[in-house]
Number of protein chains: 2
Amino acid sequence: MNESDSANNPRFSRSVSVGRAESVSPMASAHDHTACIERALKEADLLCANADVRLTELRRKVLELIWQSHAPLGAYRLMEMLEQASDRKRVAPPTVYRALDFLIEQKLIHKVHSLNAFIGCTRPRQPHGDALFICRECGFTEEVASKPIQQAINLSASQQRFEVEDQFMEIIGRCAACRAKQKSGASQEELL
Amino acid sequence: MNESDSANNPRFSRSVSVGRAESVSPMASAHDHTACIERALKEADLLCANADVRLTELRRKVLELIWQSHAPLGAYRLMEMLEQASDRKRVAPPTVYRALDFLIEQKLIHKVHSLNAFIGCTRPRQPHGDALFICRECGFTEEVASKPIQQAINLSASQQRFEVEDQFMEIIGRCAACRAKQKSGASQEELL
DNA sequence: ATGGTTATGTTATCATATAACACTTTAAGG
DNA sequence: CCTTAAAGTGTTATATGATAACATAACCAT
Ligand SMILES: [Zn+2]
Ligand SMILES: [Zn+2]
Ligand SMILES: [Zn+2]
Ligand SMILES: [Zn+2]
């Protein structure tokens with residue numbers, strides 16, 4: 001298990017590359033990610049205060065670690081990061097799963113079911129059910145709220161008299177950055 | 001682990017009720033399910049012959065067992081069923097997972113990621129990526145191909161210059177049958 | 001027949017998630 | 001303040017889902 005898994009593994013099945021300070025998604029240099037993290041945490045503070053629930057130190061730390069990158073993060077990888085980040089000797093699965101459950105309940109993160117991983121939600125106030133566009137190569141995951149998609153689903157549901165309670169949309173492929181990268185590298189690859 | 005899990009477990013997380021001859025989904029009595037199974041197997045025979053791949057006895061048996069109901073079936077439950085169905089002493093995970101991988105490649109089944117389970121595909125010839133409407137109560141899962149949904153996704157992808165390779169849409173809720181059942185049972189429940 | 005290829009069997013292990021119960025912190029009421 | 005119930009966290013064990021690695025068997029084209 002190492003941090004280049006997501007680049008090597010064709011199925012990008014787990015342990016996605018996540019910022020250990022230097023290993024980062026291609027978007028990391030394209031924006032001030034520190035601002036992303038701060039904004040997310042501040043938003044979480046507000047929402048939890050509003051909902052009268054407690055964003056404890058642990059829960060907040062977990063949220064911060066998930067926001068270390070825009071790529072989904074597995075629970076066990078998160079455990080390792082928690083151990084490093086805090087002075088703790090060991091963090092056991094229930095600890096992290098309980099924090100994850102809380103964050104999901106408060107709609108602060110999403111579970112990415114096709115990867116068994118978790119990612120920060122970019123619109124915690126809006127109704128959930130957005131589509132997640134997940135780059136197979138770099139892990140970068142974009143949450144997209146699309147009214148046409150939602151309307152299409154609602155129409156289909158009502159036609160079946162199906163009562164929607166929750167929904168997961170995960171679209172796997174290659175992000176714009178990775179496509180551009182390949183295109184520019186094509187000439188070199190031919191030299192092999 | 002027993003066959004009434006899907007009714008008891010609020011998250012309907014696994015081991016969905018599947019036809020052991022009498023435990024069945026609410027739709028089971030509403031249609032000739034034997035015909036569903038036969039049609040699916042016949043279709044699979046044709047498609048595999050066409051693709052020049054081998055639908056071996058094991059793979060065909062796995063497909064048949066998955067089609068025992070319209071509810072997703074977990075790999076380990078499937079293993080148990082294989083042991084019972086055949087005279088085999090023991091079926092190990094790799095055996096069933098390899099068959100599942102094959103069936104997924106041939107687009108004969110879908111993986112239901114939010115349940116870690118598998119379900120027969122009702123349109124193995126069409127391009128995949130349909131939405132799965134999954135009843136939380138009875139497990140009944142309906143595959144719906146919606147052109148509006150697909151168009152909305154494609155539009156959103158092209159706007160981001162995202163290249164779609166695969167997609168999963170899982171909508172959780174309550175099917176028409178289960179909603180009707182509850183409505184008719186409402187008066188009795190009030191007596192409690 | 002024979003040898004390469006594909007499929008299956010077998011054992012071990014990894015990866016993900018939860019149950020059960022103990023202990024600690026928090027916040028509310030007296 | 002002090003008590004105390006509730007909420008949160010720690011700890012151990014275990015359930016559940018999936019794959020690696022290698023051995024054997026079936027298939028099929030010469
Ligand atoms: Zn960012
Ligand atoms: Zn990318
Ligand atoms: Zn049927
Ligand atoms: Zn139902």
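The basis for the numbers below is simple: all heavy atoms, side chains too, and nothing from hydrogens, waters or symmetry mates. Proteins get letters first, then strands, A, B, ... in listed order; numbering begins at 1 in each.
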Mind calculating the distance between [atom1] ([X]) and [atom2] ([N]) to the nearest angstrom?
{"X": "A/Asn116", "N": "C/dA17", "atom1": "CG", "atom2": "C1'", "value": "9 Å"}
{"X": "B/Ile104", "N": "D/dG17", "atom1": "CD1", "atom2": "P", "value": "15 Å"}
{"X": "A/Leu73", "N": "C/dA17", "atom1": "CG", "atom2": "P", "value": "12 Å"}
{"X": "A/Tyr76", "N": "D/dA18", "atom1": "OH", "atom2": "P", "value": "15 Å"}
{"X": "A/Arg77", "N": "C/dC14", "atom1": "CZ", "atom2": "C1'", "value": "17 Å"}
{"X": "B/Asp52", "N": "D/dA29", "atom1": "CG", "atom2": "P", "value": "9 Å"}
{"X": "A/Leu100", "N": "C/dA17", "atom1": "CG", "atom2": "C1'", "value": "11 Å"}
{"X": "A/Lys61", "N": "D/dT9", "atom1": "NZ", "atom2": "P", "value": "15 Å"}

Practice task
Before accepting this row, confirm whether a basic side-chain N of the pair A/Glu137/A/Arg174 lies closer than 4.0 Å to the acidic partner's carboxylate O.
Solution key: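 Salt bridge present between A/Glu137 and A/Arg174.
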Handout entry: Any A/Lys111 side-chain nitrogen or oxygen under 4.0 Å from OP1 or OP2 of C/dA17
Key =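 Affirmative; the distance criterion is met.
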Exercise for the section: Test for a donor-acceptor pair under 3.5 Å between the base of D/dA20 and the side chain of B/Tyr97, counting only N and O atoms. Expected result: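 No.
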Exercise for the section: List, by chain and number, the other hydrophobic cluster members for B/Leu155, where Ile, Leu, Val, Met, Phe, Trp and Tyr join if side-chain heavy atoms come within less than 4.5 Å, directly or indirectly. Expected result: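 When side chains under 4.5 Å apart are linked, B/Leu155 ends up in no cluster with other residues.
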Practice task
Hydrophobic side-chain clustering at under 4.5 Å (ILVMFWY, transitive links): who's grouped with B/Leu46? Put none if nobody.
Solution key: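 None; B/Leu46 is a cluster of one.
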Problem - Selection residues 48-63 of chain B - residue pairs positive for side-chain hydrogen bond (donor to acceptor under 3.5 Å, both in side chains), sequence neighbours left out - result: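 Every side-chain hydrogen bond (donor to acceptor under 3.5 Å, both in side chains) pair that includes a residue of residues 48-63 of chain B, provided the two are not neighbours, is B/Asp45-B/Arg60.
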Practice task
Under the salt bridge (charged side-chain N to carboxylate O under 4.0 Å, His left out) rule, collect the residues that match up with B/Arg90, sequence neighbours excluded.
Solution key: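 For B/Arg90 there are no salt bridge (charged side-chain N to carboxylate O under 4.0 Å, His left out) partners, ignoring immediate neighbours.
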Practice task
Write out all pairs satisfying salt bridge (charged side-chain N to carboxylate O under 4.0 Å, His left out) with one or both partners inside residues 104-119 of chain B, taking only residues at least two apart or from two chains.
Solution key: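 Not a single pair qualifies under salt bridge (charged side-chain N to carboxylate O under 4.0 Å, His left out).
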Problem - Contact letters for nucleotides 4-11 of chain C, in which S counts primed atoms plus P, OP1 and OP2 and B counts the base, heavy atoms under 4.0 Å - result: ---SBBBB
